[in-house]
Every structure is written in structure tokens, then in C-alpha cells.
Amino acid sequence: MTGLFKAAAVVAVFAVVAPANAAPLPPLNGSYAGSYETESVNTGSNLHTFWLPNLLHGASSYWQFDTAGGSFNYDGSTAKLTGTIVNNTDSTKKFGVDVNLNFTQKGGRTAKCELGGACSSLQYANQENFYEYFSYGSATLTGLGMLAGLLLDLTEAPADGKYPPQLGYGANNKNIDEFGLSTWFFWNTTGTNAALKNASGQGDINIELTPVPVPAALPLLAGGLGLMTFMGWRRRKMQS
């Protein structure tokens, strides 16, 4: 086996056996751009990511992402939340999530808080000044399974933008020292389904966010491929 192929074999082994590295959370005062996995927030017995009261007959107001989980991707300019949410008490009721947000500014806005005096106990002073704030782009919930044919259009609430979608530490309003996202919204239906209780209403999103793990093998693989390229170039040069 030549040295070139030995290097390739070593890289392949590391790519298989090397464990994943958990990506660190972004610094409090740094950029929050990145790819994240979503986690539900826990308010007592109501584990959820979406709250949709008075939407459906005989269903819970609480929804969470299915076992595949949701994803939040933010490139510093635009953000997208996607996945499938399932009703907490009726798993046949599902929505496909496609929420697009546009970055507006970092800090300097009025943060929304649902915790009363507890907001003053945030771990970091003036934590809301580090939040990244957004406006709504296109945002929809598309009915799946038993809710096929039902489409919800989401718009920012309140409409004057006083409390925009917020991203940062404590931003999910429920677990105040966790990294997350929260937003209030109005919803209006543009489809029909027998389960529908009202044609419009208000809801919210509260999620914790965890950076997508980076496989430890990737840096090794990149280094190995670079070594292979160099060795191949060197061999061709020596043969010329």
C-alpha cells in the first residue's frame, strides 16, 4: 500500500470512529448566527414550542416538534425555522413549519417578557441589549395528516413591531438563562378543515436552541484530504 493510500485509510478510519464535537453556544455579546436544533420549553406540565389557543376543536393549545426535531438556521441576515409540530394531546394533528425572519438590529429594542419581576433576575445585566431582533418575512403553518387543507399565515404581533421576535440568552421568556428564541404572532387561516374552531387568533413561539454538533472527524478529514492532494501533486512533480 502506497503512502498516499495509507493516509487515505487513516482518514477514513477517523471519519468513522471519531465522536461528534458539541458546538459551543455563541458568546453573549457576539454574533448569534449559526445552525441550531430546537428544544421545547417546559412550563410545568405544558412542554411545547408553539402555543395556538382556540385553534382546533378538542385539541390542546400546546404543540411541539416531532421526534425528528426542528431546525433554526440564521446567517446573520435572515433566519428560518422549520420542522413538523404535533399537538400535545392528539398526534394525528400536525403542521409543517416554515417561519422566515429578517434581522433588524442588535440591542436597543424593548424586549418582551412574560415572567413579571423575574425578568430582573436575568443572569446578565441588561441581557436584552444583547438580543438580536427580527421582523417577519413569509411565515406559514401547513396542515398535515388530519389537518390537510388547512393553512395558517403568521404575522408579527403586535403589528406595530413594539415587541419583535427576539433571539438570545433568556429570550424564550420561559427558561430565562437558556439560549433561545421567542415571538408573538397573529394567525389567519387561508384553508378549511372540520377541526378548525376559529379563523383567526394569536399565538407564540418559545424555543430553546442548541448548536448543531460538528463531527470531530471533519477537521481530520479536511486535513487528510489536503495531505492527499499535496502528496499527489508532489508525486506528479517528481515524475515529470
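Nothing here was measured: the structure is a model prediction, and the numbers come from that model. In this chain, numbering begins with 1 at the start of the sequence shown.
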Side-chain donor-acceptor pairs under 3.5 Å in residues 178-186, sequence neighbours left out?
| unit_1 | atom_1 | unit_2 | atom_2 | d |
| --- | --- | --- | --- | --- |
| Ser182 | OG | Lys112 | NZ | 3.4 |
| Ser182 | OG | Ala171 | O | 2.5 |
| Ser182 | OG | Asn173 | ND2 | 2.9 |
| Thr183 | OG1 | Tyr136 | OH | 2.9 |
| Trp184 | NE1 | Glu114 | OE2 | 2.8 |

Minimum side-chain heavy-atom gap [X]-[Y] below 4.5 Å:
{"X": "Leu147", "Y": "Leu56", "answer": "yes"}
{"X": "Tyr169", "Y": "Pro26", "answer": "yes"}
{"X": "His48", "Y": "Ile85", "answer": "no"}
{"X": "Phe95", "Y": "Thr142", "answer": "no"}

Fill in: Distance in Å, Asp153 CG paired with Thr140 OG1, rounded so as to fall on 0.5 Å steps
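Answer rounded to 0.5 Å: 7.0 Å.
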Fill in: Atom pair CG/OG1 of Asn172 and Thr38 - distance to nearest 0.5 Å
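If I round to the nearest 0.5 Å, the distance is 12.0 Å.
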Fill in: ring pair (Phe, Tyr, Trp, His ring centres under 6.0 Å) against Phe65, all qualifying residues, sequence neighbours excluded
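Once residues adjacent in sequence are excluded, Phe65 has no partner under the ring pair (Phe, Tyr, Trp, His ring centres under 6.0 Å) criterion.
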Worksheet item: By ring pair (Phe, Tyr, Trp, His ring centres under 6.0 Å), which residues pair with Phe50, not counting sequence neighbours?
Response: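 Partners of Phe50 by the ring pair (Phe, Tyr, Trp, His ring centres under 6.0 Å) criterion come out as none, since no residue qualifies.
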What's the shortest heavy-atom distance between [X] and [Y], and which atoms?
{"X": "Gly107", "Y": "Gln105", "answer": "O-NE2, 2.8 Å"}
{"X": "Glu132", "Y": "Tyr32", "answer": "OE2-N, 3.3 Å"}
{"X": "Ala111", "Y": "Gln166", "answer": "CA-OE1, 3.5 Å"}
{"X": "Lys106", "Y": "Ser31", "answer": "NZ-N, 4.1 Å"}
{"X": "Pro24", "Y": "Pro211", "answer": "O-CG, 3.6 Å"}
{"X": "Leu196", "Y": "Gly191", "answer": "CD2-O, 4.4 Å"}

Worksheet item: Could you give all pairs that pass the salt bridge (charged side-chain N to carboxylate O under 4.0 Å, His left out) test and reach residues 79-98, with sequence neighbours left out?
Response: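 Found Lys80-Asp98, Asp90-Lys93.
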Pairing residues for [X] by the side chain to side chain donor-acceptor pair (under 3.5 Å) criterion, not counting sequence neighbours:
{"X": "Thr82", "result": "Ser71"}
{"X": "Ser138", "result": "Asn100"}
{"X": "Ser35", "result": "Asn73"}
{"X": "Asn87", "result": "Thr89"}

Worksheet item: Which pairs count as side chain to side chain donor-acceptor pair (under 3.5 Å) when at least one residue sits in residues 196-209, sequence neighbours excluded?
Response: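 Non-adjacent pairs meeting side chain to side chain donor-acceptor pair (under 3.5 Å): Asn175-Glu208.
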Worksheet item: Which pairs with one or both residues in residues 185-196 pass side chain to side chain donor-acceptor pair (under 3.5 Å), sequence neighbours excluded?
Response: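 Non-adjacent pairs meeting side chain to side chain donor-acceptor pair (under 3.5 Å): zero.
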Practice prompt. Just say parallel, tilted or perpendicular for the rings of Trp51 and Tyr62, cut-offs at 30° and 60°.
Written response: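 Aromatic pair Trp51/Tyr62 classed tilted.
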Discussion item. Running the 4.5 Å side-chain criterion over Ile, Leu, Val, Met, Phe, Trp and Tyr, what cluster does Met146 land in, apart from itself?
Written reply: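 When side chains under 4.5 Å apart are linked, Met146 ends up in no cluster with other residues.
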Worksheet item: Apart from Leu144 itself, which Ile, Leu, Val, Met, Phe, Trp or Tyr residues share its cluster (side-chain heavy atoms under 4.5 Å, direct or through members)?
Response: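 Its cluster partners, ordered by chain and number, are none at all.
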Practice prompt. Let me know which of Phe103, Phe72, Tyr133, Tyr36 forms a side-chain contact (heavy atoms from CB on, under 4.5 Å) with Leu167.
Written response: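 Answer to the side-chain contact (heavy atoms from CB on, under 4.5 Å) test with Leu167 among Phe103, Phe72, Tyr133, Tyr36: Phe72.
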Practice prompt. Pick out which of Leu101, Val97, Thr49 makes a side-chain contact (heavy atoms from CB on, under 4.5 Å) with Leu81.
Written response: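 Answer after filtering Leu101, Val97, Thr49: Val97.
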State yes or no: do [X] and [Y] share one hydrophobic cluster built from I, L, V, M, F, W and Y residues joined by side-chain heavy-atom distances below 4.5 Å, directly or via other members?
{"X": "Leu25", "Y": "Ile207", "answer": "yes"}
{"X": "Leu47", "Y": "Val86", "answer": "no"}
{"X": "Leu150", "Y": "Trp63", "answer": "yes"}

